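A, B, ... follow the sequence lines: proteins, then strands. Residue 1 opens every chain. On a predicted model such as this, the values are computed, not experimentally measured, just so you know.
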Amino acid sequence: MSLAFNGVNSFHFTLGLVELDHGPVAAQLVKALDAPQLRKVITVEKLTSTKLAGTEIMSGELAAALVIPAGFSSAATSPHPEPLTTVTSNNATIAGDVTTSIVSSFEAQVNADRLAFAVALAAGAPKAETSKLIGVVSTLRIPIQAVERPIGAHELKVISYYSPGMAIFFLLFTINYTARSFFVDRSQGMIERMRAAPVRPVEILLGKAISVFVYGVVSLATIGVVTTAAFGADWGAPLPAALLGLALVFSVICLTALVMGLARTQRQAEGIASIIIFGLALLGGDFFFISSAPSTIKHLALLTPNGWAIRGFTDLATIGGGLGTIVEPVVAILVLSAVVGAIALGLARRAVTS
Amino acid sequence: MSRPPVLECAGLTKSFGTRLAVDGVGFRIAEGEVYGLLGPNGAGKTTTMKMVCGLLEPDKGSISIAGQQAIGNLEVKGLIGYVPQEVALYPDLTAYENLAFLARLYKLGRRTVAARVEEALELTELSDRRNDRLDSFSGGMKRRMNIAAGLLNHPKLLVLDEPTVGVDPQSRHAILERVQAFGREGLAVVYTTHYMEEAERVCDRVGIIDHGRLIAEGTRRELVAQLGEQDRIELNASGDLERLAEACRAVDGVSSAATAENSVHLVATEGRHLLPAILEAADAADISITSVDVVEPDLEAVFLNLTGTALRE
């Protein structure tokens, strides 16, 4: 894990820059972003529109984007400022924070210049220019505003991230309970007794799968309802959230079959299940904001069903939307489950008949 | 055999790796017959029963149940009641819940399940404990429940794999009575045991299995007749028992001698008349005999004669 998290010390991201103003103040800001001190942290990629920036952030090509609106420079001395907007993503919150911080520094610098000008006037600037300067100073407000806007419709609340994270973590424990119960059944002779009846091995496995399904659905639904009602967590629209949950439960069924197939004894099952549960929880982002993790972990998270599920739930909570929002995570979870399930089915069938 | 066979198996063979567990076993059991499969632990009884019940696939051989080919035939399993050696039930469920769960495996309707469970509880005299959890039952009651579970599907063939292991004498008596009653009621029963007296008491016919092979088969009378009028002599002694057995083999009239725990078992013609010569041989071998027991011909003597070893070794 230390190897995986080593990248924390070398943070770098690509910032999209949408320059719609082309005025002198905007030019100063673009120049500031190109400063040598920032090059270690930021690579600036110029874009033509805010929409394009949003698309590239969604696809993961950009971590954040800065939009300099048209009329920004001229508004710098007007009473109606045009705000600078940082477009951020839940998957790269640090990049958003860094961009906002840079923009705020620039804003502070501009205001400091303006204050100096006002002080100069007060200290006795040429009288011929006084009335003109007074006119300028009378309009002094903070003309540049830095606004952080999440890429979705809503900002991601901490509770909306950790509620699904913890619910999924508890769901993963079903792997342990069920695999253990299988080996207890086997040691008590129950599996053999079932097989003596006109029942196929796959039906015995199906029985275990149904128990995982029922437990998983009830567990997710309970935590979902409680965290929404008591803590104000946002799980997104009920139908897509439910479908995402079902896909995840399916993956847990496949993982349970894998543990049953790999283990030979109850203790082995408990050991393998623990490794899988904590491994997935750690890599998938159940314990921490995956956006804060180094890129190695972010990439590994995409190999875990819980990582995709967390991504799906946070997208539902921020971007909102309907079924379209969860298509990608659901497909990814089902593909991962199919791979695990294909391996597990043969192994688990052998566990029933041996 | 005039009645049609419920179970007919031939040439059953099963190996586990290089170990040959069952080697060409074949026998037939008719309706209403209690057939005992007798042999020491590890002889191949349980492996044979598992093949009959479809839990293990034989490497070779055939199994037919009620005229239907049984290997790989899921439907035939519905004709078999299987009572495994260990109590295979959920300890934290009640008697009724356990039986209802198992009855559902036979795809019976809800009412039929309820009726069959009540019937099985009644047959095993556990109706008054129907709502008690299994972990509150005595060992004997659990064994009876184990048998009740094997009756839920109204089987044509009941397979009882050592159903009295670890049971107190009273419960054992009750189980043996019930097994005899099954035979009278027309059920074909396979009863595996390594207890000689149980086989003698409940079984119409006995097959003796050792090292995976069926070495003899018949009624008790038929099997004992193989020995002629030979007696079994049990010598309890301390010292070098192998030496004692060797000395006894040299006595004229002793046909076999085998050592067991703290004793030597002999099969001999006119055993009582040979006692002085046997004691003299023991004395010459410098072994002190603590007690002598002469038993009329029985299955144990048959087993000893056939295998050269005592059954309870």
In short, B:Tyr82 meets A:Arg193 closest at the heavy-atom pair O-NH2, 3.1 Å

Could you report the tightest heavy-atom contact between B:Ala88 and A:Gly189, atom names first, then the distance?
CB-O, 3.5 Å

Neighbour count >12 (heavy atoms, 6.0 Å) for atom [atom1], [X]:
{"X": "B:His211", "atom1": "NE2", "answer": "no"}
{"X": "A:Phe231", "atom1": "CZ", "answer": "no"}
{"X": "A:Arg349", "atom1": "CZ", "answer": "no"}

What residues of residues 194-204 of chain A make heavy-atom contacts with chain B at a cutoff under 4.5 angstrom?
A:Met194, A:Arg195, A:Ala196, A:Ala197, A:Pro198, A:Val199, A:Arg200, A:Glu203

Under 4.5 Å from a heavy atom of chain A, the part of B:Val159 involved
neither

Could you have a look at B:Gly54, B:Ala149, B:Gly150, B:Gly81 and say which one has the most heavy-atom pairs with chain A under 4.5 angstrom?
B:Ala149

Going by heavy atoms in the side chains, are A:Glu192 and B:Cys53 under 4.5 Å from each other?
no

Considering heavy atoms only, which positions within residues 101-129 of chain B lie below 4.5 Å of chain A?
B:Phe101, B:Leu102, B:Leu105, B:Tyr106, B:Lys107

